[in-house]
Amino acid sequence: MTVIVAMDGPSGSGKSSTSKAIAKRAGWLYLDTGALYRAATWLAMRETIDDAQSLVAALEKYPIVFKTDPDNPITLCGGIDISQVIRTPEVTSAVSRVSAWPELRASLLLLQRRIIESAKNGIVVEGRDIGTVVAPQAQLKIWLQADINARAIRRDSEQREMKFDNGGVAKVADSLHDRDILDSTRIASPLKKADDALVVDSTNLTLAETIDYIWNILKQRSLIGLPRVVIIGRPNVGKSTLVNRIIGSREAIIEDTPGVTRDRVSYEAEWNGKNFVVVDTGGWEPTAEGIALKISDAAESAIVDADLVLFVVDAQVGQQSDDDALISVLRKSKKPIMLIANKVDSDKDELEAHSLWNLGLGEPHFISAAHGRGSGDLLDLIVAQLPEVGQSRMDDGYRRIAIVGRPNVGKSSLLNSFAGTTRALVDDAEGTTRDPIDELIDIGDKTWRFIDTAGIRRRAHQASGSDYYAALRTERAIENAEVVIMVLDASVPITEQDLRIISLVEESGKALVIGMNKWDLVDEERRLSLDKETDRNFDQVEWAERVNISAKTGWHKDRLLPAIERALSSWELRVPTGRLNSFLGQLVGGNPPPIRGGKQPKILFATQAGIAPPTFVIFATEFLEASYRRFIERRLREEFGFSGSPIRVSVRIRER
């Protein structure tokens, strides 16, 4: 996902200096849209062009190129470096007139958007109309302003550094005042703040203070990537135990059996005010086969994305031949590496563990992840080595979709199909996924957070070991999601486990879409059987949309997202009180509630108490039978939709 920061504001407010500093600090690209208009103006002056069409044609012959390195942004036109000349007073005085030409604006807008689309991690775009026209999708929009005197002093200082004779601060202030009037009154595109832009007044702030202020906003909105610490090592050396020690809670699954952790699983951690992401990986084996090979491949892939690698060795076992192969992989990665000697429970163990110096990875750091020995000192060393910015973003406000179902129904295949790459392990063996796999995936113009969960075999309190923790984490993933994709294997009969998981989702109150997977394996006879099974078993979630898919081939995958969006829309739908009571009055008039205990219940009024899911409260003089409440719910759905969302209807007794 690319982070876009849109920086708007009047001329001389410090947009360029601030934007370049933010981009440099974050390791992002930088785009000065004003430089593009200045370049076009320079070309118009050089070629004595006085109309938009001729200028657009000239730009085809002499294209503008902007180098987006914030340390050295360069503007080229026809291959000529014009970075300095476009800042001259002559170009400055003419740029407002030329930039008002609609044809030129349309041409440069395409160029600006192409540059923005080329950014992989992030880009800071500054100029005018950024938050409203150029990048209305920007995650952060800043309106940077300052009073006319502060702006004049800054602009005068900039121009003096470039050895331009500008006539002094007073004359610069007059020029800026005239520019403000022109910007605010121009017909084609008046200078305008985006409705959702954050105003930052830098009049009394230094450049460093302005940068820190905006940087903190980026951090608060989780737009700055967190450093990524990847923990790697052979099976059963205590990697997951170390993860739990670092994050301060028992999140990673731990068993004495090797190979419990299989996928890469990310957790957010904090130490001494420093936030970072810890990635737990499956045990790496040099001669792995089958699923063990996929686990090793996933671990190697995690190293590529790491800001720091913790290589964990069991100090009780010492150096193994397998370690040499993994060390070779680590050295080739060129990543910073810390050697962690785990299971060092005493001074005697520490003395013996000094032999790990022979691995050639520098000083071993002695800890006991299980008992906490040395963990505080280790965390101090970890945060000291981490960069300020990494590639991981955890809490970013994207819509959350949990993928649930029995083992081996194709949940991970569906996640990989959406991602277009392997994000989760896929194997014919049941239970490949043990921990929830959390991934941000761009689909079209939207970013979604998908959570691939472990297949639930039995209830958490009935399970044991890794199945127990996997079931708990799946239930937690459902609770944290907004919409759930329940994946069924359409090629085999619906099982009691399927129905139990569906009930779990329905009870959670989340929006629901049912994915009938492996449809490519369903013949006509199976379709007839499946229709009967769904009619018989899905009565409690008949409102859930069903989509026939093949996660393996991607068939009909494109139909899932529209169903998800409809479910979310229904889940957050609010019915106006007037319309609700009008509907209810007509309903009760034609179908009054049944008499109970010799009394005729009277429905007084109703209100919608909440959304997510939609919750309705009916005020009546007597209790309403469950069958009549279900009748009201059914008619609510017929009237207002609520496709893909549960709704709740409760009754409160009130005297007339």
Side-chain angles (χ1 to χ4, degrees), residues 1-20 22-23 26 28-41 52 56 64 66 68 73 92 95-119 122-148 151 176-202 210 213-214 217-218 220-221 223 396-398 442 444-447:
M1 183 199 70
T2 302
V3 176
I4 303 171
V5 177
M7 191 84 68
D8 283 293
S11 179
S13 58
K15 299 189 299 295
S16 294
S17 300
T18 304
S19 297
K20 281 187 283 190
I22 292 289
W28 294 340
L29 303 184
Y30 161 73
L31 172 59
D32 176 6
T33 61
L36 306 184
Y37 284 100
R38 287 174 173 272
T41 302
V56 171
I64 298 171
F66 187 84
T68 53
T92 300
V95 70
S96 293
R97 178 181 62 86
V98 174
S99 63
W101 294 344
E103 296 89 344
L104 175 64
R105 299 191 69 81
S107 175
L108 292 185
L109 179 60
L110 293 175
L111 173 59
Q112 292 159 12
R113 288 180 173 169
R114 283 198 300 271
I115 295 172
I116 293 171
E117 289 168 2
S118 70
I123 186 169
V124 183
V125 188
E126 60 100 347
R128 51 175 296 122
D129 306 329
I130 310 304
T132 53
V133 178
V134 178
Q137 78 278 24
Q139 293 91 340
L140 177 62
K141 300 174 184 177
I142 298 291
W143 179 268
L144 188 62
Q145 65 183 30
D147 67 28
I148 193 73
R151 289 158 53 200
L176 289 173
H177 177 70
D178 293 341
R179 176 71 182 269
D180 287 349
I181 294 174
L182 181 61
D183 282 342
S184 61
T185 57
R186 69 172 62 191
I187 297 174
S189 177
L191 184 62
K192 183 181 178 183
K193 179 176 72 69
D195 293 336
D196 53 346
L198 183 68
V199 177
V200 177
D201 193 320
S202 65
T210 304
Y213 182 80
I214 296 174
I217 295 169
L218 287 165
Q220 291 166 9
R221 298 193 180 185
L223 295 174
D396 38 39
Y398 292 112
D442 294 324
D445 60 349
K446 292 185 178 180
T447 303

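All values reported here derive from a predicted model rather than from experimental measurement. The first residue of the sequence shown is numbered 1, and numbering continues consecutively from there.
- Closest heavy-atom contact between Gly122 and Ala119: O-CB, 3.9 Å.
- Contact between Asp201 and Ala146 at its shortest, heavy atoms only, is OD1-CA, 3.9 Å.
- By the side-chain contact (heavy atoms from CB on, under 4.5 Å) test, Leu109 pairs with Gln112, Arg113, Val133, Val134, sequence neighbours left out.
- Scored by the side-chain contact (heavy atoms from CB on, under 4.5 Å) test, Val56 finds Glu103, Ser107 as partners (sequence neighbours excluded).
- Under the side-chain hydrogen bond (donor to acceptor under 3.5 Å, both in side chains) criterion, Thr41 pairs with no residue at all, not counting sequence neighbours.
- Thr92 and Arg38 share a donor-acceptor pair across their side chains, judged by distance under 3.5 Å alone.
- Not a single donor-acceptor pair under 3.5 Å links the side chain of Thr18 to the backbone N or O of Lys15.
- Contact of the Asp442 side chain with the Lys446 side chain is not registered, since no non-hydrogen atoms from C-beta on lie closer than 4.5 Å.
- Residues Leu218 and Leu140 form a side-chain contact, since some pair of their non-hydrogen atoms from C-beta on lies under 4.5 Å apart.
- Scanning all heavy atoms of the two residues, the minimum distance from Ile130 to Met7 falls at CG1-O, 3.9 Å.
- Legend: residues meeting side-chain contact (heavy atoms from CB on, under 4.5 Å) with Asp196, ordered by chain and number and at least two apart, are Lys141, Ala194.
- By the side-chain hydrogen bond (donor to acceptor under 3.5 Å, both in side chains) test, Tyr30 pairs with Glu126, sequence neighbours left out.
- Taking 4.5 Å as the limit, some side-chain heavy atom of Thr33 sits within range of a side-chain heavy atom of Val125.
- For Lys20, there are no salt bridge (charged side-chain N to carboxylate O under 4.0 Å, His left out) partners, not counting sequence neighbours.
- Side-chain atoms of Asp129 do not come within 3.5 Å of backbone N or O of Thr132 as any donor-acceptor pair.
- Nearest heavy-atom pair across Val124 and Ser19 is CG1-CB, 3.5 Å.
- Judged purely by atom type and a 3.5 angstrom limit, Arg128 has no side-chain atom pairing as donor or acceptor with the backbone of Asp8.
- Checking side-chain atoms of Gln139 against main-chain N and O of Thr2 turns up a donor-acceptor pair under 3.5 Å.
- A donor-acceptor distance shorter than 3.5 angstrom exists from the side chain of Ser13 to the backbone of Leu144, with no hydrogens or angles considered.
- Considering all non-hydrogen atoms of both residues, Val3 and Leu223 come closest at CG2-O, 3.6 Å.
- When all heavy atoms of Ile4 and Ile116 are compared, the closest pair comes out as CD1-CG2, 3.6 Å.
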